[in-house]
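Numbering of ligands and ligand atoms starts at 1, following listing order.
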Amino acid sequence: MRAEEGFQPTPYVEGNPFTADTVLPSLLKRLVPPSVLSEVDEDLQRFGDVVLTKLRPLSARAEPARLVQYNQWGQRVDDLQTSEGWRGLKAALQEEGMIGIFYERKYKEYSRVYGFAKILLAVGDTQVMFCPLSMTDGCSRVLELMGTPELKRDVIPRLTSRDPNIAFTAGQWMTERPGGSDVSQTETIATPIPNITSPYGPTYTINGFKWFSSATDSDVALALARTGPVSAGSRGLSLFLIPLRRPLFRGPEESAPPALTNNIRIHRLKNKIGTKVLPTAELELNGSEAYLIGPLNQGVKSITPVLNITRMYSAISSVGYIRKALTIATAYSKARTVSSGEQLLKDNPLHVSVLAKVNLLYRALTHFTFSAVALLGKVECGVASEEEELRLRMLTPAAKAFAAHYSSIAMEECMAALGGMGYMEETGIGRLIDDGLVEKVWEGTVSVLSLDIVRATSKRGVVEAFLKWANGVLSACPPPLQTKLSSPISVIRESLPLISAAYKAPVSPLATRPALFLFSHATSSLNLLEHATWSFATQSTSVEVDIEVFRRWVEEGAWGGGLATAAEELKRGLEATIERVAADSKIVYGTEDEAKDAVVELARAHL
Ligand code: MFK
């Protein structure tokens, strides 16, 4: 039989990612006022078509970057060659106003929601272009907050430009060989250059080795380097803006010189599990010129706007990868025949129940992430209350970690929903899974971020701000809905004191991870309740679905169980004893290992 003969599978059709989405259009109606919504809605429909007709074909032409270190004369050239597809994606997204939307602020505090809606639609079809764009966004914010007037005049317009001929992207270099999350042993040294003043800030030379520089094709990078004694740990680090190439400003017709022009050598490209198109490198800095940003020896604090913005991008990327995989799986179920060709997959209750579970998770994570995005917009526009600002500090690491934790299992279910077809590279789900895994690591693992929430809640008023908001959402639920949803609402009520107890000092070390999960599950449940309440009040056609989604998310959750299960996990963490820590060590290392003594000693200090 020839391939053209016999059964021919019907290709699935994904459709416009905005209009086909089950969550975003109605979420935007709740978050954005009508005057903004009419414009934003129209643009997102248009952008949905751009994703299909422009970004997706460019993404298909994106290839891993190549590094040519030496030319035929044996001279060091460090020629970083990126693919046409990668460069095309970058240009297309810059033209679409990624990053411009966030700094033009045409829609004031709603600009973040609008721009992140575009990211949600595009992220599955743009390789990992939002990694460099996230750092560009973070760099713009740092310069907006701390840059000299000349940096604001010359560099911010480039970072936020819609013209790809002049637009800059930025990298972020913290990670070194002694530590990724722990920057206290940073080896890179910054030395002031005497008698040189730049309008961009006090000028230094930088010497060191950066172990993970993503977006090595960028124009500038924000980097930490040591200006204080080693004994000061991370409190002896300062923040610098480093041009990757000199001169930094060139005419549009001049091609970019190599990083060698600022004494930066690309040691090698990283061999990563995914994100292969993104040029991530190990870099040697051998006397690179740089400008101090913010106060001396407060580099970690100065760079935190970058961390918080990139964490938000990480959260939306995890959610966007799920969106893309779920869209494929849903579209496939409408095209694939089963049962001797008499049924479609979409008519099979068992199959639909699996898709419903992924969809439930997608809804919860989308509402959760956008609740943080909406607050970010308010904070940046100076219209957030102090309580909202405190709440955002807790939400950001939680949304990033929670979304990253669940995204791969959701994508795996979508892959399996296509059977053997899903395991083929052509659907793109495999690449999404490989790329999406990075969200579990970069900008902090779940454990590191659970500790960041402890850092955040050590500030007075943070937990209280969350509790006040949570109680406000519960009491805003109208009586008929309260009655109908009394059971899930009482599960939420019972979880609140537990969250509060988890963050009372001294925080039990085994409680931090389950506390992150309970906090995230409770907050996302409350976001879904907010939506059901809105749906009820506006008599939305989706009100029954919105109510059911809320109920299921609280009572059943996704693969980790419901909110009550998350509460049980936290109780176990809070009640953990030294004996449990010792038993953990024996389970992992056996009974002979002496390491258990160290782990028990460390635990004793906290339990
Ligand atoms: C997308 C494709 C990617 C491609 C592949 C990439 C692979 C990635 C490989 C990696 O690089 S993985 C590791 C990446 N590393 C990180 O993500 C960093 C994670 N570590 C942290 O976030 C640490 O928590 C941090 C470095 C920020 C902590 O350092 P310290 O020195 O212990 O901070 P410290 O002393 O607690 O905080 C200093 C100040 O900053 C404090 O303020 P005060 O001086 O007023 O007391 C903190 O409150 C404040 N701070 C810390 N984190 C903050 C913050 N403020 C606001 N927001 C935050 N997030």
Side-chain angles (χ1 to χ4, degrees), residues 64-65 119 123 126-136 138 141-142 145 171-186 210-216 223-224 226 228 232-239 269-283 294-295 297-318 320-321 372 376 379 389-390 392-401 404 434-460 462 512:
I119 301 175
V123 79
T126 45
Q127 302 287 340
V128 268
M129 185 50 77
F130 284 101
C131 170
L133 290 177
S134 71
M135 295 185 286
T136 307
R141 184 66 182 151
V142 165
L145 292 170
Q172 181 249 94
W173 305 341
M174 283 176 41
T175 306
E176 299 195 5
R177 287 172 292 195
S181 297
D182 173 9
V183 294
S184 63
Q185 295 182 72
T186 294
K210 292 291 177 183
W211 183 241
F212 259 107
S213 88
S214 282
T216 310
L224 292 180
R226 187 163 297 288
S234 67
R235 303 264 164 170
L237 303 177
S238 299
L239 180 62
L269 292 177
K270 299 298 262 189
N271 188 8
K272 297 167 288 178
I273 290 178
T275 70
K276 289 187 185 289
V277 171
L278 173 71
T280 307
E282 294 169 17
L283 298 178
N297 296 330
Q298 288 189 35
V300 171
K301 198 172 171 73
S302 299
I303 205 170
T304 54
V306 181
L307 302 185
N308 291 334
I309 285 174
T310 52
R311 282 172 187 169
M312 211 72 100
Y313 274 75
S314 172
I316 200 76
S317 297
S318 294
Y321 291 150
L376 178 67
V379 169
E389 202 158 333
L390 295 174
L392 176 64
R393 178 68 185 89
M394 222 178 151
L395 276 177
T396 305
K400 190 277 190 188
D434 289 350
D435 288 354
L437 282 175
V438 82
E439 311 301 347
K440 289 179 187 262
V441 176
W442 93 296
E443 297 303 356
T445 60
V446 171
S447 295
V448 166
L449 293 169
S450 74
L451 295 171
D452 188 51
I453 302 183
V454 174
R455 183 190 282 110
T457 51
S458 67
K459 187 168 172 181
R460 188 134 42 107
V462 173
T512 62

| field | First-shell residues of ligand 1 [heavy atom, distance under 4.0 Å] | value | C131, M174, T175, G180, S181, V183, F212, S214, S234, R235, L278, V300, K301, T304, L307, N308, R311, R393, V438, V441, W442, E443, G444, D452, R455
| task | Please assess E176 against K210 for the test salt bridge (charged side-chain N to carboxylate O under 4.0 Å, His left out), listing each intermediate value before the final yes or no. | result | CA-CA 5 Å; E176 299 195 5; K210 292 291 177 183; 2.6 Å; yes
| query | Which residues pass the side-chain contact (heavy atoms from CB on, under 4.5 Å) test with T136, sequence neighbours left out? | reply | I99, L159, T169, A170
| task | For the pair S302 (side chain) and Q298 (backbone), establish whether a donor and an acceptor sit closer than 3.5 Å, ignoring hydrogens and angles. | result | yes
| By salt bridge (charged side-chain N to carboxylate O under 4.0 Å, His left out), which residues pair with R235, not counting sequence neighbours? | none
| request: Taking T457 for its side chain and V454 for its backbone only, find out whether a donor-acceptor pair lies under 3.5 Å. | output: yes
| task | Would you please name every residue forming a side-chain contact (heavy atoms from CB on, under 4.5 Å) with K272, sequence neighbours left out? | result | K270, T275, L278, T280
